[in-house]
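Single-structure report; data block below.
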Amino acid sequence: MAEVSKVGVVGLGAMGGGIAQLCIEAGVPTVGREVTPELGEKARDRIAHFLTRKVEKGQLDAGARDAAVARLSLTTDLAELADCDLVVEAIVEELAPKQELFAELERICRPDAVLATNTSALSVTEIASSVSTPERVVGMHFFNPAPLMPLVEIIRAELSSDDAFETAYAFGERLGKHPIRCHDTPGFVVNRVLIPLLNDCIRVLDEARVTVEDLDAGMKHGAGWPMGPCELVDLVGIDVHVHASEALYDKLREPRMAPPPRLVAMRNAGLLGRKSGCGFYAY
Ligand code: CAA
């Protein structure tokens with residue numbers, strides 16, 4: 001199993017930024033790659049904001065925050081990930097750009113570096129098919145918001161080596177997560193169950209003529225969910241949820257996987273949830 005002393009994170013959006021935050025908090029020097037310096041700096045500001053909130057709440061001391069932020073270096077140049085032991089990809093959820101990126105990472109990174117994808121609904125095996133060393137490719141699927149959700153799914157693709165798989169598992173533990181092992185099947189474990197469940201919830205909105213607030217209250221107070229389904233898709237992003245539903249429906253052909261028309265209409269109208277300022281709720 002490889003020792004991970006430096007990590008690369010490609011894509012510093014909501015998920016990649018959260019993953020980079022976890023790495024620097026765990027004491028691991030991390031190189032974050034974004035396509036422009038401005039996007040990189042925006043991600044670093046966001047991470048610094050969340051760490052400062054921890055300082056304000058007495059969960060972290062100011063020195064530890066500063067040391068963590070100093071562990072994050074930003075780049076727009078993928079070549080700067082050359083000496084990383086593990087690279088986690090968190091770019092757009094499209095197969096072709098991910099395959100292109102992995103092919104480039106294979107050229108840049110050391111042969112023993114583990115290459116992980118944070119994909120939530122694509123096949124890790126298909127992503128790995130773009131490289132000539134697929135044994136070093138695994139899935140590390142974090143949940144949103146990554147710094148707060150304890151789970152990480154460690155996904156074994158068809159050709160993943162035991163070494164790469166166990167390196168990713170051990171690294172998940174080192175980040176303070178609860179890792180679980182699974183194989184590369186559509187939606188892996190949690191999304192295979194959660195996506196159709198959330199789609200059912202949205203369909204019930206119209207069927208039961210219940211309000212958004214009452215549906216959320218129902219699932220919180222009647223099923224013990226930490227947040228209601230409408231709050232949750234607003235958090236995840238309506239576009240992200242619709243896209244993941246479509247990807248799972250394409251593979252499984254189960255009607256419950258298909259995105260409800262109401263969510264597709266919201267996505268088309270730009271009502272994307274928290275990130276756009278409006279979804280089921282206004283932010
Ligand atoms: N990154 C880092 N830190 C964050 C953050 C983020 N995105 N969001 C919030 N925080 C920090 C904030 O500093 C916050 O404190 P302040 O508000 O005082 O600044 C602190 O975390 C605590 O936040 P909350 O008070 O909101 O925490 P909470 O106790 O209410 O729990 C929650 C929040 C963990 C999100 C909880 O509501 C929960 O578990 N919700 C369910 C989330 C879920 O199901 N996620 C999975 C989505 S599906 C998915 O991700 C799969 C996929 O592939 C798309």
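Atoms within each ligand, like the ligands themselves, are counted from 1 in listed order. Positions are given from 1 along the sequence.
- Ligand 1 is never approached by Lys54 to a heavy-atom distance shorter than 4.0 Å.
- Residue contacts with ligand 1, taken as heavy atom pairs separated by less than 4.0 Å, involve Arg46 solely via side-chain atoms from C-beta onward.
- Among all protein heavy atoms, the one lying closest to atom 44 (O) of ligand 1 is Leu232 CD1, 3.5 Å.
- Within 4.0 Å of atom 24 (P) of ligand 1, not a single protein heavy atom is present.
- By the criterion of a heavy-atom distance under 4.0 Å, both the backbone and the side chain of Asn144 are placed next to ligand 1.
- Here is the list of ligand 1 atoms found below 4.0 Å of a heavy atom in Pro145: 6 (C), 7 (N), 35 (C).
- Using modelled atom types, no side-chain atom of Glu89 and backbone atom of Lys98 make a donor-acceptor pair closer than 3.5 Å.
- A continuous path of ILVMFWY side-chain contacts below 4.5 Å connects Tyr283 to Leu235, so both sit in one hydrophobic cluster.
- Of the residues Ile155, Asp184, Val124, the one that meets the side-chain contact (heavy atoms from CB on, under 4.5 Å) test with Thr119 is Val124.
- Within the 4.0 Å heavy-atom shell around ligand 1 one finds Lys57.
- Distance from atom 33 (C) of ligand 1 to its nearest protein heavy atom, with residue and atom name: Leu148 CD1, 4.1 Å.
- Of the heavy atoms in His241, none comes closer than 4.0 Å to ligand 1.
- Of the protein's heavy atoms, at least one falls inside 4.0 Å of atom 13 (O) of ligand 1.
- Under the 4.0 Å distance rule, the nearest protein heavy atom to atom 29 (O) of ligand 1 falls outside the cut-off.
- By the definition of a contact as any protein heavy atom under 4.0 Å away, atom 21 (O) of ligand 1 is in contact.
- Near Arg53, meaning under 4.0 Å from one of its heavy atoms, ligand 1 places the atoms 13 (O), 16 (P), 18 (O), 19 (O).
- Residue-to-ligand polar distances keep Gln21 apart from ligand 1: every N/O pair is separated by 3.5 Å or more.
- Between Ser120 and Phe188 the shortest heavy-atom distance is O-CE1, 3.8 Å.
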